[in-house]
Amino acid sequence: MTALAEVRIGLLGFGTVGQAVARLLREHGPWIEARTGKRLVLVGALVRNPDRHPDAGIPLTTRAEDLLDHRTADIVVEVLGGVEPALTYITAAMEQGQSVVTANKEVLAYHGSDLAELARRRGVALAFEASVAGGTPLLDPLLSHLALTPVYSISAVLNGTTNFMLNAMEEGLDFAQALRRAQRLGYAEADPGADLSGQDAVRKLVLLVREVWGVDVRPEAVPVLGIEALSPAVLARMRRIGLRVRLVAQAVLDCSAGCVQLAVLPRAMGADHLFASLKGPDNAIAVRTATGDYTLIGPGAGGLATAHAVLADLVRVAAGYRPPQAPADAAVRLAPDPWREQFWVLGGEDAPEPEGVPWEPVARAWHLTPPLTVAEVADWLSRHPGFAAVTREDPEEAGSDG
Ligand SMILES: NC(=O)c1ccc[n+]([C@@H]2O[C@H](COP(=O)([O-])OP(=O)(O)OC[C@H]3O[C@@H](n4cnc5c(N)ncnc54)[C@H](OP(=O)(O)O)[C@@H]3O)[C@@H](O)[C@H]2O)c1
């Protein structure tokens with residue numbers, strides 16, 4: 001696609017993000033045009049049920065082929081979610097010459113390499129700024145700028161729902177209330193399972209790792225513990241010793257072995273830690289590179305913030321921009337041994353002392369394990385309802401208090 005002044009956009013999906021894209025263009029079209037020289041025109045949106053959107057303000061269709069046609073739309077924005085039919089539609093769009101902007105980390109985590117290769121072959125753009133950290137400009141500064149020199153580690157809060165819920169539970173809401181509030185505010189997916197289990201953060205981590213190091217990792221290969229076992233009672237115990245808990249996605253390069261180790265785990269950290277201060281659904285990423293340490297922080301979810309990132313991709317793609325390709329022949333691979341780490345396993349103040357725990361006692365119903373795999377900890381938790389496992393962001397201090 002050559003640079004265009006008027007750009008026709010087909011929206012696949014008119015939910016939280018799709019409607020917010022339409023709203024941004026409706027309310028700020030002249031501003032965007034004045035700044036960018038691009039008139040972004042929505043030609044229509046694909047939905048399952050048009051009756052649900054009587055005031056859409058743009059033509060709605062249930063037939064994807066109405067929009068997957070380069071004679072109708074120059075760029076397709078995929079904001080359906082899930083793997084199918086998103087994969088089929090993104091593939092069809094690029095096959096016949098449309099560029100694609102997507103916010104869908106799930107389809108990218110499983111099929112990102114094939115889709116990037118298709119985009120390259122067809123000479124179109126596949127842009128996905130909104131798929132990681134929602135509205136925070138993260139991929140562009142990371143991939144176009146920071147990753148120009150070697151990246152040694154990434155540590156990030158990548159799931160806005162869990163961050164919002166951990167904050168809400170610290171304020172006294174129980175788990176179900178915190179989840180309902182996140183859903184009401186549009187921060188949680190309709191099916192929040194992937195957020196709570198940590199899988200959503202895993203998908204984003206897998207995507208980052210592929211783009212930064214060229215390592216193709218299946219999401220199933222990443223050790224993960226979500227926040228399901230965390231309760232206001234456990235978080236209150238952490239708070240009493242000055243710690244807050246965040247769901248942290250980590251990728252650490254072992255340069256001598258040429259391996260990268262990945263994990264997504266609840267981590268306790270001091271209140272002065274950057275991640276501890278994250279508000280609402282905010283996300284943050286800390287990147288260690290050959291030239292120094294960098295942090296990026298901003299909204300990780302929410303319709304308007306995410307739509308903003310979609311818009312940024314639209315403007316760049318309309319100007320002929322192609323996102324950087326992931327390294328094709330990187331020497332880095334996934335570490336063969338599973339991640340091991342010390343965990344605190346603990347219940348609330350009133351939890352009964354579990355019997356026969358072989359680990360170092362820290363306080364009542366609170367133990368410090370030796371280095372364990374995530375699978376070993378998950379197995380113990382499955383037999384001890386009411387208990388949670390938390391690691392330290394700075395593990396050398398683990399067990400120092402309690
Ligand atoms: N919400 C956020 O804060 C956020 C943040 C970052 C990234 N994302 C990503 O953005 C994408 C969209 O999220 P969302 O929150 O906007 O989702 P959503 O509110 O559930 O909206 C999905 C839209 O897609 C339509 N749709 C779904 N399946 C369809 C199908 N098979 N055929 C036709 N239409 C279909 C739905 O149609 P109906 O209206 O008829 O139901 C709805 O309009 C996801 O990949 C999500 O992970 C979201």
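Start at 1 with the first residue, then count along the sequence.
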Peer 1: Do you know which of His70, Arg122, Arg8 makes side chain to side chain contact (heavy atoms under 4.5 Å, CB included) with Gln98?
Peer 2: His70

Peer 1: Looking at Arg35, I'd like to know if its CZ atom is crowded, meaning that more than 12 non-hydrogen atoms belonging to other residues, nucleotides or ligands lie closer than 6.0 Å.
Peer 2: no

Peer 1: I'd like to know if Glu349 and Arg240 make a salt bridge, using a cut-off of under 4.0 Å between side-chain N and carboxylate O.
Peer 2: yes

Peer 1: Please determine, by modelled atom types, if Thr162 and Asp195 share a side-chain donor-acceptor pair under 3.5 angstrom.
Peer 2: no

Peer 1: Might you confirm whether atom CZ of Arg23 has over 12 heavy atoms from other residues, nucleotides or ligands at distances under 6.0 Å?
Peer 2: no

Peer 1: Quick one: are Tyr89 and Leu46 in side-chain contact, heavy atoms under 4.5 Å?
Peer 2: yes

Peer 1: Using a strict cut-off of less than 4.0 Å between a Lys/Arg side-chain nitrogen and an Asp/Glu carboxylate oxygen, indicate whether Lys38 and Glu33 qualify as a salt bridge.
Peer 2: no

Peer 1: For Leu67, run the side chain to side chain contact (heavy atoms under 4.5 Å, CB included) check against Val77, Val43, Ile9 and tell me which one passes.
Peer 2: Val43

Peer 1: Verify the neighbour count for atom CZ of Arg383: are there more than 12 heavy atoms of other residues, nucleotides or ligands below 6.0 Å?
Peer 2: yes

Peer 1: Should Arg340 and Glu376 count as an ion pair when the cut-off is N to O under 4.0 Å?
Peer 2: yes

Peer 1: Any salt bridge between Lys204 and Glu106, counting N to O under 4.0 Å?
Peer 2: no

Peer 1: Run the side chain to side chain contact (heavy atoms under 4.5 Å, CB included) check on Leu42 and Leu11 step by step: do they pass?
Peer 2: CA-CA 7 Å; Leu42 288 182; Leu11 266 182; 3.9 Å; yes

Peer 1: Distance from Arg237 atom CZ to Ser231 atom OG, nearest 0.5 Å?
Peer 2: 10.0 Å

Peer 1: Less than 4.5 Å apart, side chain to side chain, heavy atoms only: is that true for Pro336 and Cys259?
Peer 2: yes

Peer 1: May I ask you to test the Asn163-Pro281 pair for a side-chain heavy-atom distance under 4.5 Å?
Peer 2: no

Peer 1: What I want to find out is whether Arg203 reaches Asp200 closely enough, with some N-O distance under 4.0 Å, to be called a salt bridge.
Peer 2: no

Peer 1: Would you call the rings of His384 and Phe387 parallel, tilted or perpendicular, taking 30° and 60° as the class edges?
Peer 2: perpendicular

Peer 1: Will you find, in the side chains of Ser256 and Asp254, an N or O donor that is under 3.5 Å from an N or O acceptor?
Peer 2: yes

Peer 1: Using the side chain to side chain donor-acceptor pair (under 3.5 Å) definition, which of the options Lys105, Arg218, Glu220 pairs with Tyr110?
Peer 2: Glu220

Peer 1: What's the spacing between Arg48 CZ and Leu80 CG if we round to 0.5 Å?
Peer 2: 8.5 Å

Peer 1: Does the side-chain hydrogen bond (donor to acceptor under 3.5 Å, both in side chains) test come out yes or no for Thr88 and Glu84, once each step is laid out?
Peer 2: CA-CA 7 Å; Thr88 302; Glu84 283 294 359; 2.6 Å; yes

Peer 1: Pairing donors with acceptors under 3.5 angstrom, does anything connect the side chains of Asn167 and Arg246?
Peer 2: yes

Peer 1: Around atom NE2 of His308, are there more than 12 heavy atoms of other residues, nucleotides or ligands at under 6.0 Å?
Peer 2: no

Peer 1: Less than 4.0 Å between a side-chain N and a carboxylate O, is that true for Asp282 and Lys279?
Peer 2: no

Peer 1: Just say parallel, tilted or perpendicular for the rings of Trp366 and Trp344, cut-offs at 30° and 60°.
Peer 2: perpendicular

Peer 1: Looking at Ile285, Val252, Thr289, which one forms a side chain to side chain contact (heavy atoms under 4.5 Å, CB included) with Ile154?
Peer 2: Ile285

